[in-house]
Student: 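First, the structure itself, so that you have it in front of you.
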Amino acid sequence: MTSSLLLTLAGCAAGAGAGDADGAVEARTELVDFLQKTAMSAHTTDVNDVARAAVGLQGPRLIGIDPAESPSDSSIGTLTFVVWVAAPPYTGTDLDADPDPDPVPRCVEVEFDPWGKVGEFGTDDGLTSVECPADLTEVAPPPSGEPAAAPNAEEAIRQVLEALPADDADADAIAQQITALLEEPEDGRPLAEVQVEVDGTSVGVATGGPDDCVMLVRGAAGVSYVHVSPVQLQPGESGCNPWTALDPPPPPH
């Protein structure tokens with residue numbers, strides 16, 4: 001191996017190490033892992049939906065929300081996160097310096113499109129290291145206007161279905177009875193409608209949306225909770241409705 005090639009390789013190695021002397025690469029790498037969580041790539045045209053998902057997960061702290069003025073397929077806005085990384089090693093001569101300094105904050109701005117962060121999934125496309133602001137307080141996204149299933153939805157539905165007569169069930173009356181038992185969503189969102197379908201002696205009930213769907217069915221074997229994979233609850237699929245409760249699709253392959 002020639003001496004010039006050795007010098008070139010040595011320079012590359014030094015550059016790689018020096019490139020993350022402040023922990024910026026480490027911060028982006030941790031954030032890339034965080035962004036691969038399913039909740040961070042659910043389809044939406046409102047970056048506040050992504051922000052609400054972020055604050056509900058453990059990981060980097062959300063400190064900034066900047067929705068796009070005109071959301072599009074290329075961008076719905078940006079979120080800024082702070083990641084705490086190990087402080088650079090002390091290389092000075094001060095004997096009083098802390099040999100084990102506290103972690104330091106590194107901030108990263110992430111641009112999102114309707115399908116998640118922009119660019120290739122699992123890479124740092126769309127991530128930009130930025131200077132951290134003086135205030136690193138976590139921000140709270142505004143509450144969603146989307147209806148939400150009641151926190152006691154399953155219990156209320158089960159109570160009404162188990163008390164139904166064997167026949168002569170009335171869908172509207174069942175929906176009213178269940179709704180009267182429901183508690184308001186804890187995050188201030190409006191209460192999702194209770195949908196009921198009667199098919200002979202079978203009764204299907206559903207409430208909520210793709211992310212919080214609650215479905216139960218009263219059939220020949222009694223009352224049971226209906227489990228459907230998350231992808232089958234999305235728009236264009238079976239969805240969260242009483243017909244799915246009555247006749248759930250087979251699990252996806």
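Sequence positions, counted from 1, serve as the residue numbers for this chain. Every value quoted in this text rests on a predicted model; they were computed, and no experiment measured them. All values below come from the heavy atoms of this structure, side chains included, with hydrogens, waters and symmetry mates left out.
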Student: Does Phe81 reach the side chain of Ile63, with side-chain heavy atoms less than 4.5 Å apart?
Tutor: no
Student: How many angstroms lie between atom CG of Leu164 and atom CD of Gln177, to the nearest 0.5 angstrom?
Tutor: 7.0 Å
Student: To the nearest 0.5 Å, tell me how far Cys213 SG sits from Gln232 CD.
Tutor: 11.5 Å
Student: Less than 4.5 Å apart, any side-chain heavy atom of Ile157 and any of Thr207?
Tutor: yes
Student: Please round to the nearest 0.5 Å and tell me the distance separating atom CZ of Arg52 and atom OG1 of Thr44.
Tutor: 7.5 Å
Student: Do other residues, nucleotides or ligands put more than 12 heavy atoms under 6.0 Å from Glu146 CD?
Tutor: no
Student: Taking atom types as modelled, is there a side-chain donor on Thr123 or Asp125 under 3.5 Å from an acceptor on the other?
Tutor: yes
Student: So if you build clusters from Ile, Leu, Val, Met, Phe, Trp, Tyr with side-chain heavy-atom gaps below 4.5 Å, do Val85 and Val108 land together?
Tutor: no
Student: Between Leu191 and Ala150, what is the shortest heavy-atom contact and its length?
Tutor: CD1-CB, 3.6 Å
Student: So does Glu138 get a backbone contact from the side chain of Arg61, meaning a donor-acceptor N/O pair under 3.5 Å?
Tutor: no
Student: Would you say Pro147 and Arg189 make side-chain contact, with heavy atoms under 4.5 Å?
Tutor: no
Student: If you take all heavy atoms of Leu57 and Ala53, which pair is closest and at what distance?
Tutor: CG-O, 3.3 Å
Student: Can a donor-acceptor pair be found between the side chains of Ser75 and Glu111 at a distance below 3.5 Å?
Tutor: yes
Student: Membership question, hydrophobic clusters at under 4.5 Å side-chain separation (ILVMFWY): are Leu182 and Ile174 in the same one?
Tutor: yes
Student: Kindly work out whether a path of hydrophobic side-chain contacts (I/L/V/M/F/W/Y, heavy atoms less than 4.5 Å apart) joins Val110 to Phe34.
Tutor: yes
Student: Could you go through the side-chain hydrogen bond (donor to acceptor under 3.5 Å, both in side chains) check for Ser202 and Arg218 one step at a time?
Tutor: CA-CA 5 Å; Ser202 297; Arg218 197 281 298 274; over 6 Å; no
Student: Counting C-beta onward and ignoring hydrogens, is there a side-chain heavy-atom pair between Val82 and Pro105 closer than 4.5 Å?
Tutor: yes
Student: Kindly give the heavy-atom pair with the smallest separation between Gly204 and Ala245, and that separation in Å.
Tutor: CA-CB, 4.1 Å
Student: Hydrophobic clusters here meaning ILVMFWY residues chained together by side-chain heavy-atom distances under 4.5 Å, can you tell me if Val223 and Val205 are in one?
Tutor: yes
Student: Side chains of Arg28 and Ser129: do they bring a donor and an acceptor to under 3.5 Å?
Tutor: yes
Student: Work out which heavy atom in Pro71 is nearest to a heavy atom in Thr45; give both atom names and the distance.
Tutor: CB-O, 3.7 Å
Student: Is a side-chain donor or acceptor of Asp212 paired with a backbone partner of Ala149 at a separation under 3.5 angstrom?
Tutor: yes
Student: Applying a strict under-4.5 Å side-chain criterion to I, L, V, M, F, W and Y, I'd like to know whether Leu35 and Val47 cluster together.
Tutor: yes
Student: Decide yes or no for Pro133 and Cys107: does some side-chain heavy atom of the first lie under 4.5 Å from some side-chain heavy atom of the second?
Tutor: yes
Student: Contact between Val50 and Leu79 at the side-chain level, heavy atoms closer than 4.5 Å - yes or no?
Tutor: yes
Student: Could you state the interatomic distance from OG1 (Thr80) to CD (Glu109), rounded to the nearest 0.5 Å?
Tutor: 4.5 Å
Student: Give every residue pair that meets the ring-ring contact (aromatic ring centres under 6.0 Å, His included) criterion with at least one member in residues 104-126, sequence neighbours excluded.
Tutor: His43-Trp115
Student: Could you walk me through whether Leu127 and Leu31 pass the side chain to side chain contact (heavy atoms under 4.5 Å, CB included) check?
Tutor: CA-CA 9 Å; Leu127 279 66; Leu31 196 51; 4.1 Å; yes
Student: Does the side chain of Asn48 reach to within under 4.5 Å of the side chain of Ser144, using non-hydrogen atoms?
Tutor: no
Student: List the atom of Arg106, the atom of Cys132, and the distance in Å for their closest heavy-atom pair.
Tutor: C-SG, 3.6 Å
Student: Check the pair Glu26 / Thr29 against side-chain hydrogen bond (donor to acceptor under 3.5 Å, both in side chains), numbers first and verdict last.
Tutor: CA-CA 5 Å; Glu26 179 185 347; Thr29 299; over 6 Å; no
Student: Closest approach of Pro185 and Pro190, non-hydrogen atoms and distance?
Tutor: CG-O, 3.9 Å
Student: Verify whether one side chain among Asn241 and Thr244 offers a donor that lies under 3.5 Å from an acceptor in the other.
Tutor: yes
Student: I need the Met215 CE to Gln195 CD distance, nearest 0.5 Å.
Tutor: 10.5 Å
Student: Can you measure from CG (Leu216) to CD (Glu155) and round to the nearest 0.5 angstrom?
Tutor: 9.5 Å
Student: Report yes if the side chains of Leu161 and Val203 come closer than 4.5 Å at any heavy-atom pair, otherwise no.
Tutor: yes
Student: For Tyr225, what residues pass the ring-ring contact (aromatic ring centres under 6.0 Å, His included) criterion, not counting sequence neighbours?
Tutor: His227
Student: So Val217 and Ser224, side chain to side chain contact (heavy atoms under 4.5 Å, CB included) or not? Walk me through it.
Tutor: CA-CA 6 Å; Val217 63; Ser224 59; 3.5 Å; yes
